[in-house]
Protein chains: 2
Amino acid sequence: MTDTTIPTNTIRRLPRYYHYMQDLVDQGDKYVTSDQIANYFGIHPTQVRKDLAFTGLIGKPKVGHVLQEALESVRNFLGWDTNSKAFIVGAGNLGSAIIGYGGFDVTGVSIVAAFDTDPDKIGHVINGIEVFPMRKFTDMALKMGVKIGIITCAAEAAEAVANTMVVSGITAIWNFTPVKPYVPENVIMEQTELYSSLAILSRRIKELEGK
Amino acid sequence: MTDTTIPTNTIRRLPRYYHYMQDLVDQGDKYVTSDQIANYFGIHPTQVRKDLAFTGLIGKPKVGHVLQEALESVRNFLGWDTNSKAFIVGAGNLGSAIIGYGGFDVTGVSIVAAFDTDPDKIGHVINGIEVFPMRKFTDMALKMGVKIGIITCAAEAAEAVANTMVVSGITAIWNFTPVKPYVPENVIMEQTELYSSLAILSRRIKELEGK
DNA sequence: TATATATTGATAAAAAAATCACGTAAAATC
DNA sequence: GATTTTACGTGATTTTTTTATCAATATATA
Ligand SMILES: NC(=O)c1ccc[n+]([C@@H]2O[C@H](COP(=O)([O-])OP(=O)(O)OC[C@H]3O[C@@H](n4cnc5c(N)ncnc54)[C@H](O)[C@@H]3O)[C@@H](O)[C@H]2O)c1
Ligand SMILES: NC(=O)c1ccc[n+]([C@@H]2O[C@H](COP(=O)([O-])OP(=O)(O)OC[C@H]3O[C@@H](n4cnc5c(N)ncnc54)[C@H](O)[C@@H]3O)[C@@H](O)[C@H]2O)c1
């Protein structure tokens with residue numbers, strides 16, 4: 001039970017359920033059933049049950065789940081119940097968007113500083129977050145004990161930035177560039193490829209056209 | 001052969017291979033082997049072969065694939081060889097980042113206009129793309145025959161925006177909000193959940209801590 | 001209080017995806 | 001020219017993920 005591996009897709013789906021359940025709370029609901037969630041997302045109820053079961057949640061027949069409990073269970077399972085600080089490197093288009101976005105608060109990850117090499121960017125404050133020169137990264141990371149790094153710099157710089165992160169004690173990296181930097185095995189790397197989504201879209205369009 | 005369904009994961013992986021192969025071309029290489037790609041991404045060579053086989057690509061033993069042919073094959077398979085126009089709704093943080101990003105050109109999708117309801121945003125030009133008032137959407141979409149819509153507006157507006165897109169002849173939607181708007185079955189919807197990636201990261205951190 | 005109903009969690013079956021294993025072909029080496 | 005090596009393609013196998021089935025149980029209703 002403790003060493004069962006969690007399907008990645010389960011982890012991917014849970015935040016969606018979370019958001020939906022939050023909406024239900026906001027509209028005054030107190031309970032939610034697996035079928036309700038499944039129906040909303042057009043997926044199979046059993047899958048929702050399995051996913052929720054991974055978080056340790058236990059429901060009541062005929063009633064479903066108490067929303068507050070369900071939300072807490074998912075939050076806890078995803079590690080959203082503990083706060084952690086993150087540094088972001090690259091305060092360009094995408095970096096600024098992420099810094100300016102408040103929606104990640106719920107995950108307990110808060111961006112506390114941004115870094116860039118461009119003198120025009122350094123010193124600016126975006127959404128309350130200051131942009132520091134890149135050379136201060138290691139010092140500040142070690143001093144503040146930051147463990148999460150976000151890479152939104154130019155693709156060419158990704159490899160070097162990842163290296164800097166590793167030597168600065170960063171253990172988890174969220175990388176938005178299409179480059180796959182080499183990092184030691186004990187460093188967690190999550191690659192977000194916006195390309196991939198677009199690929200699925202254009203492939204589906206192509207498939208339809210073929211019909 | 002024509003009606004074999006393509007695994008979604010294959011479609012997700014191909015753009016990564018593509019980018020890597022493009023890098024190889026840039027550094028002067030002429031050939032690539034499945035093992036090379038597999039090695040770079042830390043996955044199984046057979047998987048790379050199977051993925052590439054879906055695109056119709058045939059390699060030579062001992063040599064691998066001619067890079068130019070491989071790139072073309074993937075491009076063609078993903079529908080990146082045909083140009084299509086897209087409208088984006090919501091010229092906020094994320095919308096601006098996407099409009100300002102040149103990296104999607106390779107996919108053949110080009111954003112030709114942005115839309116917003118905020119008077120402060122309307123009229124602005126971002127990266128050569130003008131922001132129009134939302135009420136012009138339907139008219140312009142029909143007139144220009146645009147088939148792809150990108151949603152980067154406030155989550156609350158996503159449902160309404162999706163509706164507008166559907167009645168304006170949009171058949172494929174790329175949605176960045178955490179909301180799942182209802183659309184008819186014949187409309188393709190690709191949901192990009194930045195949350196999900198973050199969830200995987202924080203869950204992995206949690207898993208490691210537990211050890 | 002008894003009965004019907006909705007929804008659960010566990011287990012089994014099916015489907016899908018990833019990996020393995022093997023035979024073959026092209027190039028390199030002897 | 002024969003032999004070795006490397007990488008290919010593909011059917012078989014294993015693993016993972018999803019879907020189906022079903023007994024158990026809490027609530028509602030008669
Ligand atoms: N904007 C998007 O929609 C989008 C989509 C997909 C992927 N990406 C990827 O995200 C990355 C950033 O994209 P963007 O559009 O924000 O680009 P951008 O050019 O607007 O921003 C890049 C920033 O990184 C900084 N930078 C460059 N080298 C650096 C270094 N060595 N150290 C620290 N900072 C450095 C630059 O000064 C700049 O501010 C790119 O790799 C891109 O491929 C962006
Ligand atoms: N910025 C991020 O990093 C990020 C990450 C994940 C998800 N998202 C999602 O992307 C969406 C946009 O995020 P953002 O940070 O860019 O927000 P934002 O507030 O900066 O931008 C939203 C834009 O949408 C416009 N808008 C609002 N209602 C509209 C309507 N009915 N029609 C047309 N335009 C409308 C607003 O005027 C604004 O310009 C949100 O739903 C958010 O949840 C953003």
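When reading the values below, keep in mind they use all heavy atoms of this one structure, side chains included, and skip hydrogens, waters and symmetry mates. Per chain, numbering begins at 1; letters A, B, ... match sequence-line order.
One can place CG of B/Leu57 at 7 Å from P of D/dG9, the figure rounded to the nearest angstrom. Taking atom CZ of residue A/Arg13 and atom C1' of nucleotide D/dT17, one finds them 8 Å apart after rounding to whole Å. Following rounding to the nearest Å, A/Lys30 (NZ) and D/dT27 (C1') show an atom-to-atom distance of 15 Å. Atom-to-atom, CZ of A/Arg49 to C1' of C/dA6 comes out at 10 Å; the value is rounded to the nearest Å. Computed from coordinates, the B/Phe54 CZ to C/dA17 C1' distance equals 10 Å when rounded to whole Å. For B/Lys60 and D/dG9, the NZ to P distance is 12 Å, given to the nearest whole Å. Taking atom NE2 on A/His44 and atom P on D/dT21, their separation rounds to 9 Å, with Å as the unit.
Using a 4.0 Å heavy-atom distance criterion, B/Thr33 is classed as a sugar-phosphate-only contact. A/Ile58 comes within contact range of the sugar-phosphate backbone alone, with a heavy-atom separation under 4.0 Å but no base atom that close.
In terms of phosphate contacts, A/Thr10 brings no side-chain nitrogen or oxygen within less than 4.0 Å of OP1 or OP2 of D/dT17. A/Lys50 has no side-chain polar atom (N or O) that falls below the 4.0 Å cut-off from OP1 or OP2 of C/dG9.
A 4.5 Å side-chain heavy-atom check between A/Ser34 and A/His65 finds at least one atom pair inside the cut-off.
Applying the 3.5 Å distance criterion, the base of D/dT25 shares no donor-acceptor pair with the side chain of A/Lys62.
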